[in-house]
Amino acid sequence: MALELREDTGTLSGAVTVEEVEELVAWLRRTPGARLSLHNCNHLHTAAFQALLAFAPKVTAAPVDGFLAVRLLPVLDPPNAAVPEGGHHDDRDAG
Amino acid sequence: MNPLLAQFLAEAGDLLDQVGDGLLRLELDPGDAARVNEVFRAAHTLKGSSGLFEFPELTSLTHAAEDLLDAVRAGRVPLDSAMTDDLLATFDLIRGWLAHVTVEERLPGGADADAAALIERLRAPIGGQAADMPAGRTAGVARHAPDWVAHLGARVVAELADWLDTTSATMRFVRYLPDEGCFFRGEDPLLFVRQVPALEHLAVLRPDAWPAPDDYDEYACLLGFVLATRAAAGELEYVFRYIAEQVEIVELDAAALRSPAAAPVPAGTGPASHADADALAVLEAALRTLEPHDEDGPPGGGPSATHLGSVAHAAAAAARALGAPVELDPADAAGMRASIRSLLERARTAGGEPGPAATAADRRTGEPDRRAADADPGQVGSRVLKIDQAKVDRLMELVGELNVAKNGLTFLAEAAEEEYGSRALSRRIKDQYAGLHRIAEELQSAVMDVRMLPLSVSFSRFPRLVRDLSRRLGKRIKLVTEGEDTMADKDVIEALADPLVHLVRNSLDHGIEPPEERTAAGKPAQASITLSAVADGDAVIVEVADDGRGIDPARVRQRAYERGLIDEEELETLGDADAVNLIFQPGFSTAEQVSDLSGRGVGMDAVRASVERLGGAVTMRSEPDAGTVTRLRLPLSMAVTQVMVVSVAGQRFGVPVDLVVETVRVPRAGLAQVQHQDVVVLRDEVVPVVDLAGTLGMPWQPDPAADHAVLVVNVSDSKAGLLVEHFHREVDVILKPMEGLLRDAGQFVGTALLGDGLVLLVLNLKEVLSLGARAA
C-alpha cells in the first residue's frame with residue numbers, strides 16, 4: 001500500500017502509481033493544509049507529482065530516493081520559500 | 001483486432017484518398033486556399049488519430065507532412081511539383097504501412113528509416129530549423145539556444161555557458177512537453193525524465209494558474225520539463241524513443257547558450273489557435289469513437305467501458321482547452337456523444353472561441369433540452385453505413401436462393417393440377433407465386449441498388465496515374481473525367497479497373513505525342529485524355545478518348561496481314577473503321593518498342609477478353625492526327641443473368657439471352673451443307689448450324705420426321721445457329737462460376753440452380769461454336 005491517508009496527515013511509500021492518484025487527489029481536495037511524508041517514497045507518478053504541485057501540501061519528511069530528493073523536492077518545497085527557478089510556461093507547443 | 005484500430009484503419013483509407021486527390025488538384029491550382037485547408041485538415045486528422053496508437057514513426061511522419069502543408073497554407077512556401085512528389089510519396093508510404101498494420105497490427109520493419117528520409121525531404125522547404133522540429137532528433141550543434149532553455153534559470157544557463165566555454169564542450173538540452181492525455185497511454189513523463197542519464201539540471205514547467213480544486217483533473221497532464229544533460233544525443237533518443245513527437249532535443253555550446261534565438265512565433269499560427277485546433281481534433285476523434293459500431297465490435301457493441309472512460313477524460317480535457325468545460329459520464333455513451341457534438345458545433349460557429357462563461361451558463365440552465373435538441377441536428381444529412389462487402393454478397397446470394405425457391409412454386413402448381421387434379425389449388429399456388437415474385441423482384445433490385453457504385457470509384461485512380469506517367473514520359477497531359485456519377489454494379493466497376501488502366505496507358509504511351517511533335521503538328525502542347533461514362537438503358541458506356549496521333553488503318557492492316565490475322569483479300573477490302581478494331585485481335589501489338597508502360601505482350605486483346613467476360617463489348621474509333629476513342633459497353637449489373645433454356649438429349653442448357661437473335665424451326669429439307677458444314681438460309685443469309693449434342697458428345701439424333709429447332713445467336717458479330725431438341729422459357733438466374741473439377745470445362749461459363757432444384761449449365765457459346773466448327 002503506497003498511500004496511507006489519515007485525517008490531515010498522509011504517508012506515501014514505495015512507488016505511487018497512476019491508479020492511486022484519484023484517491024490521493026480526493027484526499028488533497030478535502031484536506032486543506034494537508035501534511036505529507038514522502039520518506040519512503042521511491043517514485044511519484046507524474047500525475048501524483050502534479051497533484052502535489054497543484055495542492056501544495058506541506059512535505060513533512062524528505063524522500064530518501066535520490067531523484068525525488070534532488071530533483072523534485074526543491075520544486076515541491078522551494079527552499080527559503082523563494083520562487084523556484086524555471087517557472088511558468090505558456091508556450092506549450094501544438095502537439 | 002481492437003475495434004478502435006480497425007476503425008482508424010477504415011478512416012485512414014478515406015483520409016488518404018482525400019489527401020491524394022486534394023494534392024493533385026492543388027498542383028494544378030496551387031492558389032486554391034479552400035483546397036489547401038482541406039488537405040491540411042485531412043492530414044491533421046490522420047496525425048491526431050495516429051497518436052492514439054503505438055506508431056511513433058507514423059505520427060512523426062504525418063507531423064512533418066502537416067507542418068509542410070501548414071507552411072503552404074500560411075503562404076510561406078509555394079507548393080511545387082517536387083514537394084507534391086514528396087507529399088504523395090509520404091502518403092503512399094503511409095498507405096503501405098497501414099496495409100501492413102491491417103495484417104500484422106504493427107508497422108513494417110525499416111519504417112523509421114523510411115520515415116526519417118522523407119521527414120528530412122519534407123522539412124527541407126520549410127528550412128528545417130532545429131528549434132521548430134519537434135521530431136526528437138538533433139541536427140548537430142544549434143547556433144542559437146531555443147528560448148525555452150531560459151526556463152532552467154539565468155544563473156544555471158550562465159554557469160553552464162562558462163563551463164562549456166572553458167572546456168569547449170557541448171551539452172544536450174531537452175524540452176519535453178507531454179500532451180495532456182499522455183497518462184491514458186500509460187506514459188509517466190517523470191519516469192522518462194528519471195531515465196535520462198547524466199541529468200545535470202531539471203526545470204519543471206507549470207501552468208500559469210492551477211485550476212480550482214474542484215475543477216482539477218488529476219488525469220490531465222499539465223506539466224512540462226526542460227532539462228540539461230551530458231548524455232549523448234543517441235542516449236536521449238533512446239530514452240524518448242516512444243514519445244519522440246513530444247520531445248525536442250538540441251545540442252548547444254557556450255556560444256549558442258549565450259545567444260538565444262528571437263522568439264520565433266510564425267504569424268497567424270499562434271500556439272493558442274493551434275491548441276484549439278488540436279482540441280477540436282481530439283473532440284472529433286472522440287465523437288467518431290462513440291458512433292455506434294456494427295456487430296463486429298465486442299459483445300454489447302461499441303467501445304469497452306475502460307475505453308469509454310479514457311475517451312471521456314480526453315474529451316473533457318479538450319473541452320477545457322477550448323474554454324468550455326463539460327462533465328462527461330463514461331457510462332452514458334449517448335449523452336457523451338450529444339455533449340461532444342454540441343461542443344464541437346459551438347466551437348465551430350464561434351470560430352473556435354466559445355466564451356467560457358456563456359457556455360457554462362448554458363450548461364447549467366438548459367442541458368437536458370440542449371442535449372435532446374442537439375441529438376437531432378447531428379443526425380441530419382446522409383447517414384452512411386460502411387458495410388463489409390461480403391455481407392452484401394451474402395444478401396445477393398440469399399436473394400438468388402429466394403428466386404430459386406420461388407420458382408419451385410410453379411412446379412408445385414403444375415403438380416397440383418396434373419398429379420392431384422386440383423385446378424383450384426393450382427390457381428391459388430399461382431396467386432401466391434405472383435405475390436412472392438413481386439416481392440422477390442423488389443428485394444432483388446433493392447440489393448442490386450446497394451451494390452451500385454459510382455464510376456468515380458473507378459476513375460479516381462487516374463489523376464494520379466496520368467500525372468505520374470506523363471511526368472515520366474515528358475508529355476503534358478490534362479485528364480478530364482465526365483459522368484463520374486453514373487452508377488454500375490460493383491463487380492462491373494471492379495472488373496473495369498484493369499481494362500481502363502490498360503486503355504489509358506495505351507493512350508499515354510502510344511496515342512499522345514511528345515509536346516514538340518504536337519506543336520509541330522499545330523496542336524496545343526498539352527494533350528488531353530477524357531474519361532467519360534454515361535448510362536444507356538441496361539448498360540453503361542465508358543469511353544477513353546485522347547487527342548493524340550490516332551491509329552493509322554493502313555499500318556494496322558499491314559501488321560495484321562503480316563501476323564496472319566487477315567488474308568490478302570481482307571487486306572485490300574477491309575474498311576478503315578474495321579481495320580482499327582483489328583488491334584483487339586489476339587497476337588496483335590502495334591508498339592514497335594515494348595515499353596514498361598504498355599505493350600507487354602498482353603495487348604488490347606486482353607482488354608477485349610476482360611470486357612467480354614463481363615458481357616460487354618469494346619470498339620475503337622480513330623482518326624489520324626485527331627485522336628482515338630475507345631468505347632466500352634458494359635452491362636449495369638452482372639449479378640443476375642437472363643438465360644434462355646434449351647434442351648438436347650434430355651439435358652437442359654442455358655444460353656445468355658443477350659446473345660440470342662431468334663428461335664427458328666427449320667423443315668428437314670431446310671438444312672443444307674456447305675463444305676461439310678450444316679447451314680441454314682434465313683432471309684437470304686447463310687447461317688452455319690452447329691449440332692449442340694454432337695459438339696458436347698451427347699448421344700442424340702434429330703427426329704427425321706420433325707422440324708429442326710435452331711437457336712440463332714450472335715457471337716463476335718457473326719450469326720450462328722445451334723441445333724437443339726426443344727426451346728424452353730427464359731429465366732433469371734444467379735450465375736455461379738465453374739469450380740473444382742469443372743473449372744477447365746471451357747464450354748460452360750457457369751452454373752445456375754433452377755426452381756425445380758436442377759442444375760443448369762450455361763453455355764459459353766464462343767467456345768461451343770468454335771468446337772462445333774472444328775468438328776465439322
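Given the structure is predicted, the values throughout are model-derived calculations rather than measurements. By convention in this document, chain letters (A, B, ...) are assigned in the order of the sequence lines, proteins followed by strands, and residues within each chain are numbered from 1.
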Next on the checklist: Can you confirm whether B:Val204 sits close enough to A:Leu53 that some side-chain heavy atom of one is under 4.5 Å from a side-chain heavy atom of the other?
Outcome noted: yes
Checklist entry - B:Glu218 versus A:Glu23: any side-chain heavy-atom pair under 4.5 Å? => result no
Checklist entry - Is there a side-chain contact between B:Phe225 and A:Thr46 (heavy atoms, below 4.5 Å)? => result yes
Checklist outcome for this item: d(A:Phe67 CZ, B:Leu191 CG) to nearest 0.5 Å is 9.0 Å
Checklist entry - So with a 6.0 Å cut-off around CD of B:Glu159, is the heavy-atom count from everything else above 12? => result yes
Checklist entry - So what's closer than 4.5 Å to chain B heavy atoms on A:Val18: side chain, backbone, both or neither? => result both
Checklist outcome for this item: Highest number of heavy-atom pairs under 4.5 Å with chain B among A:Val25, A:Leu44, A:Val70 belongs to A:Val25
Checklist outcome for this item: Applying a strict 4.5 Å limit to non-hydrogen atoms, the region of B:Phe192 in contact with chain A is neither
Checklist outcome for this item: Taken to the nearest 0.5 Å, the spacing of B:Arg194 CZ from A:Leu72 CG works out to 8.0 Å
Next on the checklist: If I take atom NE2 from residue A:His45 and atom CD from residue B:Glu187, how far apart are they, to the nearest 0.5 angstrom?
Outcome noted: 9.0 Å
Checklist entry - Does the A:Gln50 side chain pair with the main chain of B:Leu222, one donor and one acceptor, at a distance under 3.5 Å? => result yes
Item to check | Nearest heavy atoms of A:Arg71 and B:Leu199, plus distance in Å | outcome: NH2-O, 2.8 Å
Checklist entry - Looking only at atom types and distance, does a side-chain atom of B:Arg206 sit under 3.5 Å from a main-chain N or O of A:Ala54, one as donor and one as acceptor? => result no
Checklist entry - Does A:Arg29 CZ have over 12 foreign heavy atoms under 6.0 Å away? => result yes
Checklist entry - CH2/B:Trp210 to CZ/A:Phe55 distance, rounded to the nearest 0.5 angstrom? => result 9.5 Å
Item to check | Under 4.5 Å from any heavy atom of chain A - which part of B:Phe183 | outcome: side chain
